Undergrad: 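I have a structure here, written as structure tokens, and I will follow up with some questions on it.
The structure presented is a predicted model; accordingly, all values stated were derived computationally and were not measured. In what follows, chains are A, B, ... by sequence order, proteins preceding strands, each numbered from 1.
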Number of protein chains: 2
Amino acid sequence: MQTFTIKPIVPATSLRTLAYEALKSAITNMDIYGQTGDVRLDERGLSQTLGVSRTPIREALTVLEQEGFVRNEPRRGVFVVRKTRKEIVGMIQAWAALESMAARLACARASDEDLKCMRTMFPEFFEGTPADHLAEYSEANIRFHQKIISLGHCEVIQDLCSNLLMHVKGVRNIALREGDRASTSIAEHIQIIEALEARDADLAERLVRDHGLGLAIHVERYGKHLE
Amino acid sequence: MQTFTIKPIVPATSLRTLAYEALKSAITNMDIYGQTGDVRLDERGLSQTLGVSRTPIREALTVLEQEGFVRNEPRRGVFVVRKTRKEIVGMIQAWAALESMAARLACARASDEDLKCMRTMFPEFFEGTPADHLAEYSEANIRFHQKIISLGHCEVIQDLCSNLLMHVKGVRNIALREGDRASTSIAEHIQIIEALEARDADLAERLVRDHGLGLAIHVERYGKHLE
DNA sequence: CGCTGGTATTTGGTATGCCAATACTCTGCG
DNA sequence: CGCAGAGTATTGGCATACCAAATACCAGCG
């Protein structure tokens, strides 16, 4: 018997990738909206803190700028971006568009097993009151939307959405606590599951879109804490 | 009287940006699908050709990799990516999702003047046969879709779509020549304009989506020249 | 005391050099 | 003639050095 298992590869992730991940997690975990004034990232300071030279730092910052996490003002520095309410709303709208398309595609592409396990994957939606466990519900909420997107089997849509999600994640949780969103949100989720099970593409698309746009309207109305 | 007018600023674009634009136009203008074998970009060769050092070249390549134009195999080189048919189809589907959302938003947000000038902006759609001037029609075609996207007044959607368009542009023209797409395409465009003028969000969204998905199906079926 | 002009310092952009890993080549042995 | 292996060349990743722009600071003048 062969007990000789090898790991697929060990590319020994480059310093650039490590710097990218370190900076990205630092940015997404910080409370950018909780403080005033611009947050500037000093290349030399970062390279000294992380123990690498400026080159991989700069390359990592270039990627983060592409993804919209930082903004580079020539000859002035690179700053963590603070999204305006309008931008957040736009992201949610784009997300709603992509996710509703994923739902449409899922109705044609998803396997019966995948659709069937939607109910078992999210027991939180079918039992108890969400107000009690907002933290777990918020987790399930994100998993739910990611599941829909993955059922569409469209790589491009998945990639675009995962990036949008990174930016919007922080706002979602806040929005849940405001108003009466949690309970109405669950009802809509259940409707979406039913539409998918019925493979009703038009209905699933519409429900997902309206669900997303509902969040957009909510943020637009109650998102005073932004900007 | 003050006759002393000054220009706002002259940021004097950085070498990195110049290298990025040079490489991007070179990549998008080359016929990547017309030749076999991988196309490799040599950092040192490029820096010599463009007359700059490797640093800005590398940063430009990093951005292009993020945008999906090149792929970097560590220790092997950076290659121009050849999209598979499946990826192209996915991009068109994502695009259809975003553009249809833009159309929906346009029905609520666009000004009467903007909607009114749609007919005058695209005289090609209303006169003559498209088969005669495919080149000009193809130009008008792209302008038409960009116009719809801009009417949605959603920056995020515009940015995402402009990137998708860069990748799909080459395929569009080929698709127009195959089958009977040009003339049916025009009829659909006119319907879209009418829906926008009526500010019928549901209809406009549906028409734009189906128009885009039609192209996706067409590419999926006839895109033998890909991959 | 405030403003102006110049200088010093900081900082991002670019160039260059080094290193390790990979690819290539050429030779020698079977 | 073919294949293996060593040695060489190439190439990408990273570090460092240098430069020019922008800012901060300071002195001198009003």
Undergrad: Determine, for nucleotides 13-20 of chain C in 5'-to-3' order, which nucleotides have protein heavy atoms under 4.0 Å from the base (write B), from only the sugar-phosphate (write S), or from neither (write -).
TA: BBBBBB-B
Undergrad: Identify every side-chain donor-acceptor pair in residues 154-168 of chain B under 3.5 Å, counting partners at least two apart or on other chains, and give the distances.
TA:
| unit_1 | atom_1 | unit_2 | atom_2 | d |
| --- | --- | --- | --- | --- |
| B/Ser162 | OG | B/Asp159 | O | 3.0 |
| B/His167 | NE2 | B/Glu67 | O | 2.7 |

Undergrad: Without decimals, in angstroms, what is the distance between A/Phe79 CZ and C/dT11 C1'?
TA: 11 Å
Undergrad: Using a strict threshold of under 4.0 Å (side-chain N to carboxylate O), is an ion pair present between A/Glu87 and A/Arg71?
TA: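 Salt bridge absent between A/Arg71 and A/Glu87.
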Undergrad: Does the plane of the ring in B/His145 sit parallel, tilted or perpendicular to the ring in B/His189? Use 30° and 60° as the thresholds.
TA: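 It falls in the perpendicular class, over 60°.
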Undergrad: Take the protein atom CZ of A/Arg71 and the nucleotide atom P of C/dG12, then report the distance between them rounded to whole Å.
TA: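 Those two atoms, CZ and P, are 14 Å apart.
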Undergrad: Going through the distances and angles, do A/His211 and A/Ser185 end up as a side chain to side chain contact (heavy atoms under 4.5 Å, CB included)?
TA: CA-CA 8 Å; A/His211 180 65; A/Ser185 177; 3.4 Å; yes
Undergrad: Could you report the tightest heavy-atom contact between B/Asn72 and B/Gly77, atom names first, then the distance?
TA: OD1-O, 3.6 Å
Undergrad: Kindly list each side-chain donor-acceptor pair under 3.5 angstrom involving residues 40-50 of chain A, sequence neighbours excluded, with atom names and distances?
TA:
| unit_1 | atom_1 | unit_2 | atom_2 | d |
| --- | --- | --- | --- | --- |
| A/Asp42 | OD2 | A/Gly45 | N | 2.8 |
| A/Glu43 | OE1 | A/Arg54 | NE | 3.3 |
| A/Glu43 | OE1 | A/Arg54 | NH2 | 3.1 |
| A/Glu43 | OE2 | A/Arg58 | NH1 | 2.8 |
| A/Ser47 | OG | A/Arg44 | O | 3.0 |
| A/Thr49 | OG1 | A/Gly45 | O | 2.8 |

Undergrad: What is the distance from CG of B/Asp42 to P of D/dT10, rounded to the nearest Å?
TA: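 Between P of D/dT10 and CG of B/Asp42: 11 Å.
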Undergrad: Check whether any side-chain N or O of A/Arg76 sits under 4.0 Å from OP1 or OP2 of D/dA22, and answer yes or no.
TA: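 No, outside the criterion.
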Undergrad: Once you round it to whole Å, what is the distance between C1' of D/dG13 and CD1 of B/Ile57?
TA: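 Nearest whole value for this atom pair: 16 Å.
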